[in-house]
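The structure under discussion appears below in the form of structure tokens.
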Amino acid sequence: MTDCLFCRIINGDIPSNKVYEDELVFAFRDINPQAPTHILIVPKQHIASAADITAENSAVVAHIFEVIPTIAKNEGLTNGFRVITNCGPDACQSVRHLHFHLLGGGQMADKMA
Ligand code: DGP
């Protein structure tokens, strides 16, 4: 989608600090990091949010969770990490392209909301 920020990052129209890419997935550093390591992991296929995951497109979501350990290891997150997806207005989703925040690099708060 040409009007989608993350689609434009994936296709290279908008520069990003890429940390991982394969045929299904693109991962890059968040422009506004909320932890020492803050990476966004997105499917190359445009899926608007977690509310739009279906039996037809869920394989890419499974693949994202398969590559998260590799990205976390590459980032040195040996003491743990957090994976979050914000979905819809109540969760303050600001970019309508499914993405998983990978956060780590230090002790985090024990509350998530
Ligand atoms: P969310 O609020 O869950 O939709 O997260 C969107 C994230 O996207 C937010 O943490 C900031 C990040 N972000 C927004 N615009 C850009 C951008 O142009 N480049 C990068 N690298 N990250 C961005």
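As the structure lists them, so they are numbered: ligands from 1, and atoms in each ligand from 1. Residue numbers count from 1 along this sequence.
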Practice task
Please find out if less than 6.0 Å separates the ring center of His99 from that of His101.
Solution key: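 When the ring centroids of His99 and His101 are compared, they turn out to be within the sub-6.0 Å range.
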Practice task
Determine whether the aromatic ring centres of Phe100 and Phe65 lie less than 6.0 Å apart.
Solution key: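 Between Phe65 and Phe100, which both carry aromatic rings, the centre distance is below 6.0 Å.
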Atom indices of ligand 1 within 4.0 angstrom of [X] heavy atoms, with elements:
X     : answer
Gln93 : 4 (O)
Val95 : 4 (O), 6 (C)
Cys92 : 2 (O)
Phe28 : 20 (C), 21 (N)
Phe6  : 8 (O)
Ser94 : 1 (P), 2 (O), 4 (O), 5 (O), 6 (C)

Practice task
Could you tell me whether Asn79 atom CG has more than 12 heavy atoms of other residues or ligands within 6.0 Å of it?
Solution key: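 Incorrect, the count does not exceed 12.
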Problem - Asp90 atom CG, over 12 foreign heavy atoms within 6.0 Å - result: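 No, because the 6.0 Å sphere around CG of Asp90 holds 12 heavy atoms or fewer from other groups.
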Is any N or O atom of [X], backbone or side chain, closer than 3.5 Å to an N or O atom of ligand 1?
X     : result
His38 : no
Asn32 : no
Ser16 : no

Any [X] heavy atom less than 4.0 Å to ligand 1:
X     : value
Leu40 : yes
Arg96 : no
Thr85 : no
Asp30 : yes

Please write down residue, atom name and distance for the protein heavy atom closest to [atom].
atom                    : result
atom 15 (N) of ligand 1 : Leu5 CD2, 3.3 Å
atom 5 (O) of ligand 1  : His99 NE2, 3.0 Å
atom 23 (C) of ligand 1 : Ile31 CG2, 3.4 Å

Taking 4.0 Å as the limit for heavy-atom contacts, which would you say applies to [X] with ligand 1: side chain only, backbone only, both, or neither?
X     : result
Asn17 : neither
Arg29 : backbone
Ile9  : side chain

Practice task
Identify whether the distance between the nearest side-chain nitrogen and carboxylate oxygen of Glu23 and Lys44 falls below 4.0 Å.
Solution key: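 Salt bridge between Glu23 and Lys44, a charged N being under 4.0 Å from a carboxylate O: no.
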Problem - N/O donor-acceptor pair under 3.5 Å between His38 side chain and Pro36 backbone - result: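 Not confirmed, His38 side chain does not pair with Pro36 backbone.
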Problem - Donor-acceptor contact present, side-chain Glu75 to main-chain Leu77, <3.5 Å - result: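 Absent.
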How far does [atom1] of [X] sit from [atom2] of [Y], to the nearest 0.5 angstrom?
X     : Y     : atom1 : atom2 : result
His97 : Leu40 : NE2   : CG    : 10.5 Å
Ser16 : Glu21 : OG    : CD    : 9.0 Å
Tyr20 : Ile64 : OH    : CD1   : 10.5 Å
Ile14 : Asn11 : CD1   : CG    : 8.5 Å

Handout entry: Same apolar cluster (I L V M F W Y, side chains within < 4.5 Å links), Val25/Val61
Key =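 Linked, Val25 and Val61 end up in one cluster.
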